[in-house]
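All remarks here apply to the structure that follows.
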Amino acid sequence: MAPQTRKLSTEQVLEARLRYASGEREWSRFARDYGVDRTVIKRAVMGETFKELPMPPKRIFSSRPFPYG
């Protein structure tokens with residue numbers, strides 16, 4: 001069986017995850033920007049694929065202050 005090739009680079013996935021964490025939610029725009037199907041980018045951003053890459057903190061760009069300090 002041949003190794004699976006990925007359509008997204010590590011940098012693209014990390015960038016897309018940050019965009020999602022900052023509030024972007026238009027999967028069709030993500031797909032267009034990265035040249036892949038909506039399902040491909042959504043699975044990468046949500047961590048179903050590229051599991052070895054870190055996920056950004058959920059509140060990375062929140063306008064509300066943290067409940068401490």
Side-chain angles (χ1 to χ4, degrees):
M1 184 191 242
Q4 184 178 3
T5 58
R6 292 186 165 176
K7 297 179 181 186
L8 293 165
S9 70
T10 298
E11 293 79 15
Q12 288 174 315
V13 173
L14 293 174
E15 178 183 297
R17 287 179 180 180
L18 283 174
R19 287 173 59 183
Y20 183 82
S22 71
E24 264 190 79
R25 298 292 190 267
E26 295 180 46
W27 295 117
S28 57
R29 172 169 280 186
F30 278 95
R32 193 171 47 251
D33 290 348
Y34 297 106
V36 295
D37 186 75
R38 288 185 328 180
T39 304
V40 171
I41 193 66
K42 183 176 181 181
R43 292 184 73 213
V45 169
M46 301 308 286
E48 295 175 31
T49 58
F50 291 88
K51 294 177 183 181
E52 71 279 7
L53 299 180
M55 298 294 285
K58 293 186 187 296
R59 296 178 57 139
I60 191 167
F61 294 112
S62 177
S63 60
R64 294 183 297 163
F66 283 101
Y68 50 85

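Residues: numbered from 1 along the sequence shown.
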What about W27 and M55, same hydrophobic cluster or not, with Ile/Leu/Val/Met/Phe/Trp/Tyr joined at side-chain heavy-atom distances under 4.5 Å?
-> no

Sidechain-backbone polar pair: R29 side chain, E24 backbone, donor-acceptor under 3.5 Å | no

Please check if the side chain of R17 supplies one atom and the backbone of M46 the other of a donor-acceptor pair under 3.5 Å.
-> no

Please name the pair of heavy atoms, one in V45 and one in A16, separated by the smallest distance, quoted to 0.1 Å.
-> CG2-CB, 3.6 Å

Sequence neighbours excluded, which residues qualify as side chain to side chain donor-acceptor pair (under 3.5 Å) partners of Y34?
-> E15, R19

Spacing of OG belonging to S28 relative to CG belonging to D37, to within rounding of 0.5 Å | 11.0 Å

Nearest heavy-atom contact between A31 and I41 is N-CG2, 3.9 Å

Spacing of NZ belonging to K42 relative to OG1 belonging to T49, to within rounding of 0.5 Å | 12.5 Å

Atom of V36, atom of K7 and distance for their closest heavy-atom approach | CG1-CB, 3.9 Å

Smallest separation among heavy atoms of L18 and P56, with atom names = CD2-CB, 3.9 Å

When rounded to the nearest 0.5 Å, the distance separating CZ of F50 from OG1 of T10 is 6.5 Å

Mind checking side chain to side chain donor-acceptor pair (under 3.5 Å) for R38 and listing every partner two or more places apart, or none if nothing turns up?
-> none

